[in-house]
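Reading through the structure tokens given below for one structure.
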Amino acid sequence: MARSIDVNGTQITVLTIEDKDYISLTNMLKAKDGDFFISDWLRNRNTVEFLGVWEQIHNPAFNYGEFAIIKSQAGLNSYKISVKEWVAKTNAIGLRAKAGRYGGTYAYKDIAFEFGMWISPEFKIYLIKEFERLKSQEQAQLGWDIKRNLTKINYRIHTDAIKENLIPPQLSPQQMAIIYASEADILNVALFGMTAKEWRDSHPELQGNIRDHANVSQLVCLSNMENLNAVFIAEGFSQAERLAKLNAIAISQMKLLTEDHRIAQLEEGQYREPESD
């Protein structure tokens, strides 16, 4: 997965490789004044020592023998090594040379931050700030996706309850679809005050359905209502009885959810889990 962050006007690609975030050093070079190459940074003795320590901590397969040879030569005028050679000789994982789309040299975030210092101290600070902002946004989106997927899972519980309790075995697939849609609209009317068709007719400019445009509070409430409706179906309540019960529950829960500051923070992408003692 590739994303982009803007660091003082320089677009920098962040690439996920084997579930780890790597930042493009090639993109970062565009912010450097004058001719400067990654190989210049890599030949510096301080750089080699830093990379060696990083690999020793994070990479059990690191080749210490080859690293010792490279370290002994680092800083000499005749010494030069490319990223590909560094990786091939030491089995390093902190730097990656990637070809094709999003090609270039990438570094694990810790190393990229260190490289940012070679651009300038200011650049390093803004790089860290923008990377943290990206991860914060992704965490907020993850929270949204979890709630959206929870709603989908509960929807399966809901439809299974309909199948087991309301659909006679002899109904055609078309007839069953009508019943499923009718049951889904009980939840829609109880929570949103309209059926799916009524929402589509009143929002022709929007893609998706009424639930795709629900906010976090509504999705949480909808998830709860799907579970409760499955219970009400199993207990034999009529549609009219269930609609009245679910509407009262929706009103009560939405009042509580909209007053919860954590929900508001999640909507704005700012929620943080409290630290444990």
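Here the structure is a predicted model, which is why all the values come from computation and not from measurement. For reference, positions follow the sequence shown, starting with 1.
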Can you confirm whether [X] sits close enough to [Y] that some side-chain heavy atom of one is under 4.5 Å from a side-chain heavy atom of the other?
X	Y	answer
E49	V53	no
R242	N229	yes
L187	R211	yes
F192	E198	no
S24	K98	no
I23	Y106	no
F62	I93	no
F67	K89	no

Path from [X] to [Y] over hydrophobic side-chain contacts below 4.5 Å:
X	Y	value
I210	L206	yes
F50	Y64	yes
I111	I17	yes

| message | Ring-plane angle category for F237 and F232, please: parallel below 30°, perpendicular beyond 60°, tilted otherwise. | response | perpendicular
| said: Using 30° and 60° as the class boundaries, would you call the ring planes of W118 and W41 parallel, tilted or perpendicular? | reply: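 Aromatic pair W118/W41 classed perpendicular.
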Where is the tightest heavy-atom contact between [X] and [Y], given as atom of each residue plus distance?
X	Y	answer
E55	A92	OE2-CB, 3.2 Å
N247	A190	ND2-O, 3.0 Å
S4	Q11	OG-OE1, 2.9 Å
A112	M28	O-CE, 3.4 Å
V48	I70	CG1-CG2, 4.2 Å
S39	K80	OG-CE, 4.0 Å

Between [Y] and [X], is there a side-chain donor-acceptor contact under 3.5 Å, judged purely by atom types and distance?
X	Y	result
N227	N224	no
D110	W54	yes
T16	D21	yes
T90	E66	no

If I take atom [atom1] from residue [X] and atom [atom2] from residue [Y], how far apart are they, to the nearest 0.5 angstrom?
X	Y	atom1	atom2	result
K30	L25	NZ	CG	12.5 Å
L42	T105	CG	OG1	9.5 Å
I249	C221	CD1	SG	8.5 Å
N44	Y79	CG	OH	10.0 Å
K135	I5	NZ	CD1	10.5 Å
T10	L127	OG1	CG	10.5 Å

| Looking at E130 and R133, does any basic side-chain N land under 4.0 Å from a carboxylate oxygen? |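 Between R133 and E130 there is a salt bridge, with a charged N closer than 4.0 Å to a carboxylate O.
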| field | Residues K245, E241: salt bridge by 4.0 Å N-O rule | value | no
| task | Go through the structure and list residues passing salt bridge (charged side-chain N to carboxylate O under 4.0 Å, His left out) with K84, not counting sequence neighbours. | result |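 If we apply the salt bridge (charged side-chain N to carboxylate O under 4.0 Å, His left out) test to K84, skipping adjacent residues, there are no hits.
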| note | Residues passing the salt bridge (charged side-chain N to carboxylate O under 4.0 Å, His left out) test with R96, sequence neighbours excluded, are E18
| request: Give every residue pair that meets the salt bridge (charged side-chain N to carboxylate O under 4.0 Å, His left out) criterion with at least one member in residues 113-123, sequence neighbours excluded. | output: none
| message | Using side-chain contact (heavy atoms from CB on, under 4.5 Å), reason through Y22 and L95 one step at a time and then give a plain yes or no. | response | CA-CA 8 Å; Y22 286 78; L95 292 175; over 6 Å; no
| message | Could you walk me through whether F113 and F115 satisfy the ring pair (Phe, Tyr, Trp, His ring centres under 6.0 Å) test, starting with their C-alpha distance in whole Å, then the side-chain angles of each, then the deciding distance to 0.1 Å, before giving a yes or no? | response | CA-CA 5 Å; F113 296 157; F115 183 78; over 10 Å; no
| request: Begin with the C-alpha distance, continue with both residues' side-chain angles, and end with the deciding distance and a verdict on side-chain contact (heavy atoms from CB on, under 4.5 Å) for M117 and F123. | output: CA-CA 7 Å; M117 191 67 177; F123 184 89; over 6 Å; no
| message | Would Q239 and E183 count as a side-chain contact (heavy atoms from CB on, under 4.5 Å) here? Give the steps. | response | CA-CA 8 Å; Q239 278 193 343; E183 284 301 320; 2.8 Å; yes
| message | I'd like to know if the side chain of N27 and the backbone of T13 have a donor-acceptor N/O pair within less than 3.5 Å. | response | yes
| query | So, does D185 use its side chain to make a donor-acceptor pair with the main chain of N188 at under 3.5 Å? | reply |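 Looks like no, no N/O pair under 3.5 Å.
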